[in-house]
Amino acid sequence: MAFYDTYDYHTYWQNRFWEDLWERIALQKLIKSCLKRDFLIDIGGGFGRLASFYSPLFTKCEVIEPSVKLIKIGQGKNSNLKNLCFEQGSLPKLNLKDNSVDVALIIRVSHHLPDLMPSLKEVKRVLNEDGFLILEYIFSS
């Protein structure tokens, strides 16, 4: 069982309008610089909070999430996005082919990983030669 199977993550975001907005603004600027926009993965993407933003910009999008609960919520909430799928999985091991991904998002996830380096190596393995990693690192004081 994943942590977010027992946590109300969807409600958590209902009161965080400004955080969500700023992430979308930053992603918009960063994704514009990505050369190839075929396949995006959103690692730890939960219920696909950002999927409505990035799915129109890519041919195929995949949310990789350890929580079965969040996957089910995301599948219902995003059923209109035909190029979006949800897969159960987590870092540091992704069930993807080498060099198969154009853009990888790791948003609000890295602080959950005990050691970030094996996960970054795994993302490097699945990114194609011209691929992009967009990493948001949360740190507290």
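Counting from 1, the numbers follow the sequence of the chain as shown. Since the model is a prediction, treat every value here as computed from it, not as a measurement.
Shown here for S110 and L116, the closest heavy-atom pair between the two residues is CB-CD1, 3.7 Å.
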(request) Just do the side chain to side chain contact (heavy atoms under 4.5 Å, CB included) check on D98 and V126 with the steps written out, would you? (result) CA-CA 4 Å; D98 293 359; V126 302; 5.6 Å; no

(message) Let's go through R49 and F47 carefully: what are the C-alpha distance in whole Å and the side-chain angles of both, what is the deciding distance for side chain to side chain contact (heavy atoms under 4.5 Å, CB included) to 0.1 Å, and is it a yes or a no?
(response) CA-CA 6 Å; R49 175 177 63 91; F47 58 87; 3.7 Å; yes

(request) Output, in order, the C-alpha distance, side-chain angles, deciding distance and verdict of side chain to side chain contact (heavy atoms under 4.5 Å, CB included) for L96 and I64. (result) CA-CA 10 Å; L96 293 165; I64 301 170; 3.9 Å; yes

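Formation of a donor-acceptor pair under 3.5 Å by the D20 side chain with backbone atoms of R16 is not found in this model. Under a 3.5 Å cut-off, the side chain of D42 and the backbone N or O of G48 do not form any donor-acceptor pair.
Side chains of F39 and T59 form no contact here, defined as non-hydrogen atoms less than 4.5 Å apart. Between V63 and E87, the closest side-chain pair of non-hydrogen atoms is not below 4.5 Å. Using a 4.5 Å cut-off on side-chain heavy atoms (C-beta onward), L40 and L105 make contact.
Salt bridge absent: K60 and D38 never bring a charged side-chain N and a carboxylate O closer than 4.0 Å. Electrostatic pairing of E19 and R108 counts as a salt bridge here, judged by a charged N lying under 4.0 Å from a carboxylate O.
Counting non-hydrogen atoms of neighbouring residues, nucleotides and ligands closer than 6.0 angstrom, the CG atom of N95 reaches no more than 12 such neighbours.
When each of I106, L94, V123, D102 is checked for a side chain to side chain contact (heavy atoms under 4.5 Å, CB included) with I41, only L94 meets the rule.
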